[in-house]
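Structure first, commentary second.
A, B, ... follow the sequence lines: proteins, then strands. Residue 1 opens every chain. What you see is a predicted model, and the numbers here were worked out from it, not measured in a lab.
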Amino acid sequence: MYNFKKIEKKWQEYWSDNKTFEVKNKGDKPYYILVEFPYPSGAGLHVGHVRSYTAQDVRARMMRMQGYNVLYPMGYDAFGAPAEEYAIKTHQHPKNVVRDNIKVFGNQMRSLGFSFDWSREFSTTDPEYYKWTQWQFIQFFKHGLAYKDVTKVNWCPKCKMVLSNEDAQGGVCERCGTTVTQREKSQWMLKMASYSEDLLKGLDDTNFAPRIKLGQINWIGKSTGVEMDVNIVGGGKFSIFTTCIETVYGITFFVIAPDGKLIKELMPRVKNKEEVLSYIKETSLKSNMDRTELNKGKSGVLVEGIKAINPINGEEVPIFLGDFVLGDYGTGAVMAVPAHDQRDYEYANAHGLPIVQVIEGDISNSAFEKQDYLGKGIKLINSSEFTGMTVEEAKEAITNKLESAGIARRVNNYKMRDWVFGRQRFWGEPIPMIYCDKCGWQPVPDTDLPVMLPDVTEYEPTDTGESPLAKIDSFVNCKCPKCGGDAKRETDTMPQWAGSSWYFLRFMDPHNKDIFASMDSMKYWNKVDWYNGGMEHTARHLLYARFWVQFLFNIGLVPNKEMIWTRVSHGMILGSDGEKMSKSKGNVINPDDMVSEYGADSLRVYEMFIGDYTKDASWSENGLKGCFKFLNRVWNLQDKLNNDSGFSSNLENIIHKTIKKVTNDINNMSYNTAISSLMILLNEMDKFDSITRDDYRLLLQLLNPFAPHITEELNEKCKLGELFTNSVWPSYDESKTEDSELEIGVQINGKLRSTIKIKKDEDKSVVEKIALDDEKVKKNILDKEIIKVIVVPNRIVNIVVK
RNA sequence: GCCUGAGUGGCGGAAUAGGUAGACGCACAGGACUUAAAAUCCUGCGAGAUUCAACCCUCGUGUCGGUUCAAGUCCGACCUUAGGCACCA
């Protein structure tokens, strides 16, 4: 058993002392490899971190040997509630908690031999860093993309803070799982919705994995339709949005949002004010969950005294208030066509409203909806001059008619909303804004940045929905930067996603004091070439980061509209029981324990070998032991070294094959099969009594990105050549990867009956003859008639007989 | 309900373009070494039938069909399962 403890420590110190992995912003072939920086929690590094960090480390180490100037940085995303909560519990400032956790994380990552450029390390909580986060927020403000508005926001009663839609997916708090409630609150918002189309189009300039692109497309949620004006009997009008204008003759009522602006405007004319007002109030108390999951009962109330006119046929129809219509999507009003929309169908039945069919189909039990009729040549009925047209023709014709009458427009709507940017917590970047009664909101002048968090001991969150900073007078009271009068600071802080929206830019130029990163540095690295992160960040971090970057690009501060090229995501490592690792289940594996028992190299190799990198995998300590055994066999192979040079002739073929396989597999993230081909190579070498130094060095070099310590040690110990960190990645000779003699299968009627040996690229007729001469084949076709013989060169022979 | 994936031995998982299914590893069994154990090494290892034994044979990649000389792979329908979205008009 080799002494991995001693060896791993030795090489980690060597790399650190020699600054082996520090890179300059110059040189040919820049390549930027990034992995999501961790949140330094008290739990320490997770084996899941080890998986993705190793995968990217393998890529980085191989590409350095291929001559690339590789930037592989690491830092910490350390603002946020967990550190704050722990600090409150232990009565200290969160910055101390973060400092201690970062130390632990750093040591853990160093113990795994990751080739990070530690000279570029920072934390989002460093004042020198969050100064620029604040500065960039001010740019959003100056360009009209940050605004404060009273909106209904998601509120987590347990965390006592506002959540963005992205943080409240599924109606529960992302962090603690508590059901989210709704609150009216004055909030800083970023106009992300205005970037919907750009964020959608920008995906074309990226190489994100398909499932990631799709996740973003779904989240942005574009729908194309028609916005149509609807007149109200007795004056006034409103607009509705629909994707099914072809059903316009089937309108039997309209529904408007109880939380929208329209009902407020109509209020003076409403006859049943009390009923309407109480419904509005009722709705405002409901969480999104209540309005959706729990309450599909189609609640609603007729707005009495107001009728709408269907613009296509002049019919007067009633207006309802219904909480399934959302005030902040589309126009906050919909046309209801119960015959062709299931939701409207149920609503009509619940409220005794008429149903008018306008498209051929069965509506006796449910609505005949667009997924039932689109693309099938189905025709319209009861639709005046459009009767008889297919739905596709009618869609176009009706839109044209309404458009030329000036009462409708083709529009797109997006599900994605503006980004709720304020958090009522202490441990975040203070939003650098000052409110002056005379001058309104004013940004903090650049020279006063960063706005630092005060050194206080009391900062518990409040039930009022106000930030704990609001209670600290010395923080709140300040002077207006414009008029110099008394003013108050904004006391909300930024969401955790703020700092991570641009950290990859800072890594390109981490020590810059004049700007968040210089244009020259960013132009040198150009983009993040390969970014790895969790699938759960698809609709949040990755989208926020793209929005942030697109904005910076639009104001000329970054060189590309998309700063991330390839984005991939890893699968989770589950406990050995197949469940997500958690303290309560007691199935958590601490990487430190594994490193001390089997060594970092074994853990790295195992996590790469565990299975398809993009899929979840269950932990197995036996699997890890197998990889430990593999490395020990590699270690013991040194006893077989002879003094010959060059590759052993009987190994040359497999060596070239393995170079090809490992190189391609690393490029394609097929790390598990790269390891398996290295195991095969070892098995081959082990069959011989002796191997050459070049054979051995080659094996070690291909293994080096995965197991950097043991390979570097053996390379030095056996004096095989220069350090792998200074070496060139081996190339393969295609002709030497091919076998001159092949064994191929012979099938009879598609069933394998024999195998034959042939020369590579042998003439078809010769192969056919060999196959037919084969004893087993002869036996099988004795009394049968040969219909046809199919020879696929170098692959297979299939004999069809009767 | 909609949108994605995924279903292959006891287990994790392999299998460019349809072309010898089960690579590699784990577990397990037998053997060698050892006083013994661990470690290490060797052999076997999808299921079934048959045989002294071997060969051979039959079945086999979620289910049912289809295309093809040939299907884990392509097409159609379905089942199971994981994840995402969900009264988004």
Side-chain angles (χ1 to χ4, degrees), chain A residues 1 169-171 210-211 214-215 217-219 221-223 225-226 240-244 247 254-255 257 288 291-293 295-299 322-326 328-337 341-344 346-347 369-371 413-417 535-536 538-539 572 576 606 609-612 614-627 629-630 632-633 636 664 668 670 672-680 682-683 686 743-756 776 779-780 787-801:
Chain A
M1 211 172 81
Q169 294 183 35
R211 59 176 178 160
L214 202 64
I217 290 167
N218 289 340
W219 188 258
K222 179 177 182 173
S223 47
V226 174
I240 58 98
F241 173 71
T242 181
T243 56
C244 303
T247 63
F254 289 92
V255 187
N288 268 349
R291 279 177 75 168
T292 58
E293 288 288 296
N295 193 30
K296 292 198 172 173
K298 306 296 176 253
S299 80
D323 66 6
F324 73 82
V325 179
L326 307 173
D328 60 350
Y329 178 77
T331 59
V334 300
M335 65 182 211
V337 183
D341 182 290
Q342 188 59 25
R343 190 188 54 198
D344 297 347
E346 286 164 23
Y347 199 86
E369 296 186 279
K370 60 181 167 190
Q371 64 263 29
N413 265 306
Y414 305 88
K415 282 201 250 181
M416 191 172 70
R417 315 292 154 91
M535 209 45 206
E536 71 276 15
T538 301
M572 267 190 300
S576 48
Y606 171 61
F609 187 60
I610 195 167
D612 184 331
T614 62
K615 296 197 187 113
D616 293 353
S618 300
W619 180 264
S620 155
E621 191 156 335
N622 278 327
L624 172 55
K625 278 182 195 163
C627 292
K629 196 167 121 181
F630 165 62
N632 273 298
R633 289 183 61 208
N636 294 334
N664 291 342
N668 298 328
S670 303
N672 54 338
T673 49
I675 302 282
S676 100
S677 67
L678 288 167
M679 289 172 169
I680 293 169
L682 171 69
N683 290 345
D686 220 5
E743 197 181 69
I744 64 167
V746 182
Q747 299 177 329
I748 293 166
N749 286 347
K751 289 191 176 172
L752 186 75
R753 292 292 182 230
S754 182
T755 54
I756 54 171
K776 284 183 197 165
K779 220 163 80 186
N780 269 287
I787 311 273
K788 170 153 80 155
V789 179
I790 294 150
V791 178
V792 183
N794 302 330
R795 288 254 172 206
I796 206 156
V797 179
N798 192 10
I799 302 164
V800 186
V801 299

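- A close approach under 4.0 Å does occur between a side-chain nitrogen or oxygen of A:Ser223 and OP1 or OP2 of B:A89.
- Contact check, A:Asn780 against B:C56: no side-chain N or O comes under 4.0 Å of OP1 or OP2.
- Side-chain nitrogen and oxygen atoms of A:Tyr414 include none within less than 4.0 Å of the OP1 or OP2 phosphate oxygen of B:C88.
- Across all strands shown, B:U58 is found opposite B:A47 as a Watson-Crick or G-U wobble partner, with both distances under 3.5 Å.
- Close to B:A14, at under 4.0 Å from its OP1 or OP2, lies a side-chain N or O of A:Asn672.
- Residue A:Asp344 is classed as having no contact, given no heavy-atom separation below 4.0 Å to the nucleic acid.
- One finds no side-chain N or O of A:Arg211 lying less than 4.0 angstrom from the OP1 or OP2 phosphate oxygen of B:C3.
- Both distances falling under 3.5 Å, in either a Watson-Crick or a G-U wobble arrangement, place B:C41 opposite B:G31.
- Residue A:Lys625 is out of contact with every strand shown, counting any heavy-atom pair closer than 4.0 Å.
- A sub-4.0 Å separation between OP1 or OP2 of B:C56 and a side-chain N or O of A:Lys776 is present.
- For B:G83, the OP1/OP2 oxygens have no side-chain nitrogen or oxygen of A:Lys615 closer than 4.0 Å.
- Because its glycosidic torsion is within 90° of 0, B:G9 is reported here as syn.
- Using a 4.0 Å heavy-atom criterion, one finds that A:Ser620 contacts no nucleic acid atom at all.
- Within 4.0 Å (heavy atoms only), A:Ser618 reaches no atom of the nucleic acid at all.
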List, with names and distances, any nitrogen or oxygen atoms from the protein found under 3.5 Å away from nitrogen or oxygen atoms belonging to nucleotides 71-81 of chain B.
none

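- In this structure, B:G13 forms no base pair with any nucleotide, since neither Watson-Crick nor G-U wobble geometry is met with both distances under 3.5 Å.
- The base of B:C88 is not paired with the side chain of A:Arg343 by any donor and acceptor separated by under 3.5 Å.
- Across all strands shown, B:C2 forms a Watson-Crick or G-U wobble pair with B:G84, both key distances being under 3.5 Å.
- Comparing B:G46 with B:U8, their C1' atoms sit 10 Å apart, to the nearest whole Å.
- In this structure, A:Arg795 does not reach the B:A17 phosphate: none of its side-chain N or O atoms is under 4.0 Å from OP1 or OP2.
- Note on A:Val792: a base of the nucleic acid sits closer than 4.0 angstrom, heavy atoms only.
- Across all strands shown, A:Asp341 has no heavy atoms under 4.0 Å from either base or sugar-phosphate atoms.
- Looking at heavy-atom distances under 4.0 Å, A:Lys779 makes no contact with the nucleic acid at all.
- Backbone-only contact: A:Ile610 has heavy atoms under 4.0 Å from sugar-phosphate atoms and none from a base.
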Are A:Thr755 and A:Val746 close enough, and set up right, to give a side chain to side chain contact (heavy atoms under 4.5 Å, CB included), and what steps lead you there? CA-CA 5 Å; A:Thr755 54; A:Val746 182; over 6 Å; no
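- Look at B:U68: it lacks any Watson-Crick or wobble partner with both distances under 3.5 angstrom.
- Residue A:Arg753 has a polar side-chain atom (N or O) positioned under 4.0 Å from OP1 or OP2 of B:C57.
- Residue-level contact check: A:Asn798 touches the bases, meaning some heavy atom is under 4.0 Å from a base atom.
- Within the nucleic acid shown, A:Asn749 has no heavy atom closer than 4.0 Å to any nucleic acid atom.
- Taking the P atoms as reference points, B:A70 lies 28 Å from B:C55, given to the whole Å.
- For A:Tyr347 and A:Phe324, the gap between ring centers is short of 6.0 Å.
- The pairing partner recorded for B:G22 is none, the criterion being a Watson-Crick or G-U wobble arrangement whose two distances lie under 3.5 angstrom.
- Looking only at side-chain heavy atoms (C-beta outward), A:Arg211 and A:Thr614 come within less than 4.5 Å of each other.
- Using a 4.0 Å heavy-atom cutoff across all strands shown, A:Gly626 reaches sugar-phosphate atoms only and no base atom.
- When heavy atoms are screened at a 4.0 angstrom cut-off, A:Asn413 is found touching no nucleic acid atom at all.
- A distance-only check finds no donor-acceptor pair linking the side chain of A:Gln342 to the backbone of A:Glu369 [under 3.5 Å].
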